[in-house]
Amino acid sequence: MAEKPVEKRSRRGILGAVFGKRGLWSKKCTVVDKGHHKSTTSSSIASTACNPNIQFTKSPATELNPNKLQGQKVSPEPIQSQIQRPISTNQNPKNNGNYQQINNQWPVQQQAKKVPKESIGLSGELESMINDNRRATGIRASSSNVMFGNLGNLKQPGGTTSVGNQTTVQNKGYGNNDDAYRVRMKEERQTSVSNNQEQPGSLCRAISTRMDPETLKIMGNEDYKNGNFAEALALYDAAIAIDPKKAAYRSNKSAALTALGRIIEAVFECREAIRMEPHYHRAHHRLSNLYLRLGEVENSIYHVKHSGPEADQEDILKAKMVQTHLNRCTEAKRLRDWKTLLKETENTIASGADAAPQVYALQAEAFLKSFRHQEADDALSRCPVFDVEMSTKYYGPIGYASFLVVWAQVHMSSGRFGEAVEAIQRANKLDRNNREVSMVLRRVQAVTAARSKGNDFFKAGRFQEASAAYGEGLDHDSRNSVLLCNRAACLSKMGQFHRAVEDSTAALTVRPAYAKARLRRADCNTKLGNWEAAIGDYEILRKETPEDEDVLRALSESKKQLVKRHEHDS
């Protein structure tokens with residue numbers, strides 16, 4: 001069946017060319033390929049454009065009747081997503097976002113349709129195998145939505161997540177009118193479960209022993225349309241396990257990976273599809289979008305030109321715009337013009353390169369140089385977090401090491417010393433001859449050691465020595481908010497409240513949301529009788545933590561003392 005034109009939606013992406021890789025990718029929504037090859041069982045199912053967010057929705061279970069598939073299309077339904085960002089991300093609904101971390105996916109829940117037990121045919125078999133595979137690998141079944149941590153790593157910051165080991169999958173019901181087949185499937189259930197447990201993570205093999213790959217692709221398309229991207233990915237993998245030479249299966253798998261935020265893996269799958277079938281227009285179009293999001297401008301334009309009827313002149317114009325902003329980013333960094341760099345990195349992301357780690361790293365670096373540490377942390381938290389091995393393969397050791405250098409500095413500025421050490425040590429292994437890596441490694445190690453020594457002295461009640469130790473760390477990183485706050489605690493213990501206020505204020509300058517430093521400053525101001533200043537800090541803390549009774553009491557007491565002073569003065 002001939003492929004249908006792709007329904008397009010604008011997407012945003014981001015690039016990492018400044019560190020040695022050029023490119024970018026547009027934020028066009030992808031669709032699964034439904035008719036690139038003829039189905040042996042039924043016509044293909046039309047799929048819908050994917051949600052660009054790293055969020056997943058749960059659509060009502062759909063019962064798929066093979067008889068209805070003959071010559072009938074399933075009209076696409078919009079996939080809604082709901083975004084929640086507690087920590088690191090400031091996700092725009094148009095951005096792909098987390099991860100990590102990855103971590104960062106909160107789907108919209110909808111009520112699933114219940115399928116009568118007696119009518120579950122093939123879907124029951126699939127559901128049984130998936131659930132048993134979960135149990136065999138220690139994964140708990142969930143009745144909630146498909147959720148992923150760190151999307152593709154998504155590491156963690158990742159660890160690469162795979163459908164077999166880090167996802168919670170929900171199966172939908174697929175009806176089957178072939179009674180004899182249904183009975184045979186039920187009889188074979190015990191055998192299939194046993195085989196699947198003997199081969200943990202081989203869901204594909206368990207399914208492929210009895211299913212036609214085109215049927216699996218059709219079922220995957222239906223799951224994709226309903227927003228069940230993890231299930232769709234498992235089904236496409238099963239189809240590939242049976243017939244690894246079909247380009248359409250690879251292209252559809254790329255769409256599912258993209259929806260899960262696993263952008264780099266999606267690129268590799270698209271490349272494989274094009275290798276198998278060089279004139280596969282939809283795969284070229286999909287790959288051009290992926291490259292645009294990753295900031296690979298030249299590659300994006302190349303594949304747009306090979307997209308045939310899928311090509312759109314607007315895609316080329318978007319790619320050229322991203323390249324313009326990237327060039328400005330490079331020049332701004334060369335001139336150390338951090339204000340311009342911040343502006344141009346934001347423009348690059350908004351223009352379509354929203355999945356390029358290097359662009360986010362440039363933005364975070366500009367914030368660090370401007371002593372806006374909290375915003376630097378926020379910038380990197382919006383960056384998709386990819387698997388270390390996959391990122392190293394794609395960007396190369398030197399390119400990925402450059403990104404890790406920025407990560408290490410942001411971790412340290414935010415007080416995540418362990419993560420900072422881990423990141424910079426990995427960067428050092430990847431690029432041992434890099435002078436910047438060596439310099440940052442020495443600084444991170446010195447600051448971490450000073451903080452550890454200071455903590456030990458503080459716990460022992462040796463506040464003078466603890467203060468000196470934190471000071472040694474500040475010699476290497478004078479704006480480190482954690483060391484400043486810790487030294488303020490020592491000074492407060494020694495009754496040096498004015499100096500403690502100064503250190504707390506310095507910490508809040510680079511990290512305005514640092515609650516511990518604000519609380520310490522408020523406490524020192526109460527001891528100094530600076531009631532107005534203390535009330536100002538307590539008011540901010542009350543808004544941030546309205547349930548904190550200690551803050552409420554301190555605020556109330558400060559207000560009373562201020563009233564008494566006014567009465568005394570009058």
Working note: T345 + F367, criterion side chain to side chain contact (heavy atoms under 4.5 Å, CB included); need CA distance, chi angles, decisive distance, verdict. CA-CA 11 Å; T345 51; F367 278 126; over 6 Å; no
Taking the side chain as everything from C-beta on, heavy atoms only, tell me whether [X] gets closer than 4.5 Å to [Y].
X: Q374; Y: P512; value: yes
X: Y400; Y: V388; value: yes
X: I264; Y: S391; value: yes
X: I263; Y: Y394; value: no
X: L404; Y: I424; value: no
X: Q409; Y: E365; value: no
X: L233; Y: Y224; value: no

Give a yes or no on whether a salt bridge exists between [X] and [Y], defined as a side-chain N under 4.0 angstrom from a carboxylate O.
X: R565; Y: E532; answer: yes
X: R542; Y: E539; answer: yes
X: E544; Y: R518; answer: no

Which residues share a side chain to side chain contact (heavy atoms under 4.5 Å, CB included) with T526, sequence neighbours left out: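 Side chain to side chain contact (heavy atoms under 4.5 Å, CB included) check on T526 returns D523, W531, A534, Y538, S558.
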Return the set of residues passing side chain to side chain contact (heavy atoms under 4.5 Å, CB included) with P397 (not counting sequence neighbours), or none when no residue passes. T392, L430
For [X] and [Y], indicate whether the former's side chain and the latter's backbone hold a donor-acceptor pair under 3.5 Å.
X: S556; Y: L552; result: no
X: T505; Y: V501; result: yes
X: S467; Y: Q464; result: no
X: S414; Y: V410; result: yes
X: R479; Y: A507; result: no
X: N530; Y: A533; result: no
X: E344; Y: A332; result: no

Can you see which heavy atom on [X] is nearest to which on [Y], and at what distance?
X: T258; Y: A266; answer: OG1-CB, 3.3 Å
X: L362; Y: C329; answer: CD1-CB, 4.2 Å
X: L474; Y: N480; answer: CD2-O, 3.9 Å
X: H373; Y: L368; answer: CD2-CD2, 3.8 Å
X: A364; Y: L380; answer: CB-CG, 3.6 Å
X: F386; Y: A355; answer: CE1-O, 3.6 Å

Any pair counted as ring pair (Phe, Tyr, Trp, His ring centres under 6.0 Å), so long as it reaches residues 449-486, sequence neighbours left out: F458-F463
Show every ring pair (Phe, Tyr, Trp, His ring centres under 6.0 Å) that has at least one partner inside residues 489-514, sequence neighbours left out. none
Any residue meeting salt bridge (charged side-chain N to carboxylate O under 4.0 Å, His left out) with [X], in chain and number order, not counting sequence neighbours:
X: E547; result: none
X: E465; result: R462
X: E472; result: K453

Partners passing side chain to side chain donor-acceptor pair (under 3.5 Å) against N347 (at least two apart in sequence or in another chain):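 Result, side chain to side chain donor-acceptor pair (under 3.5 Å) vs N347: none returned.
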Can you list everything that forms a side chain to side chain donor-acceptor pair (under 3.5 Å) with R553? Sequence neighbours excluded, please.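 Per chain and number, R553 pairs via side chain to side chain donor-acceptor pair (under 3.5 Å) with D550.
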Separation between [atom1] of [X] and [atom2] of [Y], rounded to the nearest 0.5 Å:
X: N434; Y: M439; atom1: CG; atom2: CE; value: 9.0 Å
X: N486; Y: R451; atom1: CG; atom2: CZ; value: 7.0 Å
X: K343; Y: L341; atom1: NZ; atom2: CG; value: 12.5 Å
X: L562; Y: K559; atom1: CG; atom2: NZ; value: 10.0 Å
X: I540; Y: I535; atom1: CD1; atom2: CD1; value: 12.5 Å
X: T509; Y: R372; atom1: OG1; atom2: CZ; value: 13.0 Å

Any chance you could lay out the side chain to side chain donor-acceptor pair (under 3.5 Å) test for R328 and T340, step after step, and finish with the verdict? CA-CA 8 Å; R328 292 173 181 171; T340 299; over 6 Å; no
What pairs of residues pass the salt bridge (charged side-chain N to carboxylate O under 4.0 Å, His left out) test when at least one of them lies in [range], not counting sequence neighbours?
range: residues 491-512; value: R487-D503
range: residues 410-420; value: D377-R416
range: residues 393-409; value: none

Which of parallel (below 30°), tilted (30 to 60°) and perpendicular (above 60°) describes F403 and W407?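 If you compare the ring of F403 with that of W407, the planes turn out perpendicular.
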With N428, which of R432, R426, Q425 fulfils side chain to side chain contact (heavy atoms under 4.5 Å, CB included)? R432
Where do R382 and Q363 land on the side chain to side chain contact (heavy atoms under 4.5 Å, CB included) test, with the steps shown first? CA-CA 11 Å; R382 294 191 293 271; Q363 190 175 69; 3.4 Å; yes
Residue pair Q496, S492: steps toward the side chain to side chain contact (heavy atoms under 4.5 Å, CB included) verdict: CA-CA 5 Å; Q496 301 180 36; S492 177; over 6 Å; no
Working for side chain to side chain contact (heavy atoms under 4.5 Å, CB included), residues R520 and C485: CA-CA 8 Å; R520 184 149 288 134; C485 186; 3.2 Å; yes
N327 and E331 side chains, donor-acceptor separation under 3.5 Å: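 Distance-only check fails for E331 and N327.
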